[in-house]
Protein chains: 2
Amino acid sequence: MATNKKEEFSQKEQDLAAFAKAMAHPARIAILKVLAQRNECICGEIVELLPLAQSTVSQHLKELKNAGLISGTIDGPRSCYCINWKAFEKFMSEFSFLFNKLKTQNEKACC
Amino acid sequence: MATNKKEEFSQKEQDLAAFAKAMAHPARIAILKVLAQRNECICGEIVELLPLAQSTVSQHLKELKNAGLISGTIDGPRSCYCINWKAFEKFMSEFSFLFNKLKTQNEKACC
DNA sequence: ATCTTATATCGCAAATATACGATTAAGCAT
DNA sequence: ATGCTTAATCGTATATTTGCGATATAAGAT
């Protein structure tokens, strides 16, 4: 079983889910927080700030990059990351569209 | 390995991640969308709308409920769900706090 | 050329998530 | 009581995620 049914949902639903999934781990939230605060790209400083091994942090960074939430460039022997604000804007507005807009239409909850 | 390190992050980080995780599947996004549109609580209608078996939908509903994103009440032989708007408000504002606020401070990206 | 530093990738073990069919439970009608 | 409908739970197979150590890669320093 567990045959992937994800493709059977709409692209928007898949995109939103993928975005959420990228944030679905405290380590990745923490990484995003650091990048948001420092703005300027950071690399192995992140490793020092997190309670995880270097290889694990690298993996989380890769996932965030694949999801388009951050971008990274190589800077000599180190690599430098920063938040992709555009992606956040896009997904935040989709969230709002899905939930905020509809919310104001009919607020009264039933259960 | 894979010894859970999630507890080593701050409560806010864990909460945000848990919220994101609840939304990290297109089926759950689709469920939330339905509940947002209809407002009034729905039950097995959701099963008809999704390309998934009843037991699978039930599992997704349980996860959303555990995460606090929806609430459900028993209504005779069927059960009735609706969105917990308060939870959304709380988490949306945390997202904004983390990312939007900081964004306006220093917009210029570096990579 | 060799060493050091910084980061990515590989391989593996353990934990979680996804999905379904089968079963259970609970309310309603007959 | 019996059957019908609706939804939750159990058991199980498979897929994905998480995490680490070890190894590879690549740039800069000696």
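Below, chain A is the first sequence line, B the second, and so on; all start at residue 1. Remember, it's a predicted structure, so these values are computed and weren't measured experimentally.
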Could you note down all residue pairs passing salt bridge (Lys or Arg N to Asp or Glu O under 4.0 Å) where [range] supplies at least one of them, sequence neighbours left out?
range	answer
residues 65-76 of chain A	none
residues 7-29 of chain A	A/Glu13-B/Lys33, A/Arg28-A/Glu63
residues 44-54 of chain A	A/Arg38-A/Glu45

[X] side chain near [N] phosphate (N/O to OP1/OP2, under 4.0 Å):
X	N	value
B/Arg78	C/dA26	no
B/His60	C/dA17	no
B/Lys21	C/dT16	no
B/Tyr81	D/dA8	yes

In this structure, how many angstroms lie between the [atom2] atom of [N] and the [atom1] atom of [X], rounded?
X	N	atom1	atom2	result
A/Gln59	C/dA15	CD	P	17 Å
A/Asn66	D/dT16	CG	C1'	15 Å
B/Glu8	D/dT18	CD	P	16 Å
A/Ile31	D/dT18	CD1	P	11 Å
B/Arg28	C/dA17	CZ	P	9 Å
B/Ile70	D/dA7	CD1	C1'	13 Å
B/Ile74	C/dA26	CD1	C1'	9 Å
B/Lys6	C/dA14	NZ	P	18 Å

Item to check | Interface residues of residues 50-58 of chain A with DNA chain D (non-hydrogen, below 4.0 angstrom) | outcome: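 Residues of residues 50-58 of chain A that come under 4.0 Å of DNA chain D are, in numerical order, A/Leu52, A/Ala53, A/Ser55, A/Thr56.
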
Table of protein N/O atoms under 3.5 Å from nucleotides 28-30 of chain C N/O atoms:
none

Item to check | Spacing of B/Leu16 atom CG and A/Ile29 atom CD1 [to the nearest 0.5 Å] | outcome: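 So the gap between those two atoms works out to 5.0 Å.
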
Checklist entry - Between A/Lys62 and A/Lys5, which is nearer to the 5' end of DNA chain C once each is assigned its nearest nucleotide? => result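 Nearer the 5' end of the strand: A/Lys62.
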
Checklist entry - Between A/Asn4 and A/Ser79, who's closer to the 5' end of DNA chain C by nearest nucleotide? => result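 The residue closer to the strand's 5' end, by nearest nucleotide, is A/Ser79.
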
Item to check | Check: A/Phe88 ring centroid to A/Phe19 ring centroid under 6.0 Å | outcome: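 Aromatic pair counts; centres sit under 6.0 Å.
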
Under the rule for side chain to side chain contact (heavy atoms under 4.5 Å, CB included), what residues qualify as partners of [X], not counting sequence neighbours?
X	result
A/Ala18	none
B/Ser71	A/Cys111, B/Cys82
A/Thr56	A/Leu52, A/Ala53, A/His60

Checklist entry - Would one find more than 12 heavy atoms of other residues, nucleotides or ligands at under 6.0 Å from atom CG of B/Leu49? => result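 It does: B/Leu49 CG has more than 12 such atoms within range.
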
Checklist entry - What is the nucleic acid contact for A/Glu63, judged by heavy atoms within less than 4.0 Å: base, sugar-phosphate only, or nothing? => result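 Sugar-phosphate, backbone atoms only, no base.
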
Next on the checklist: Using heavy-atom distances to pick each residue's nearest nucleotide on DNA chain D, tell me which of B/Gly44 and A/Ala27 is more 5'.
Outcome noted: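 Comparing both residues, the 5'-ward one is B/Gly44.
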
Item to check | Set of ring-ring contact (aromatic ring centres under 6.0 Å, His included) partners for A/Phe9, sequence neighbours left out | outcome: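 Applying ring-ring contact (aromatic ring centres under 6.0 Å, His included) to A/Phe9 gives none.
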
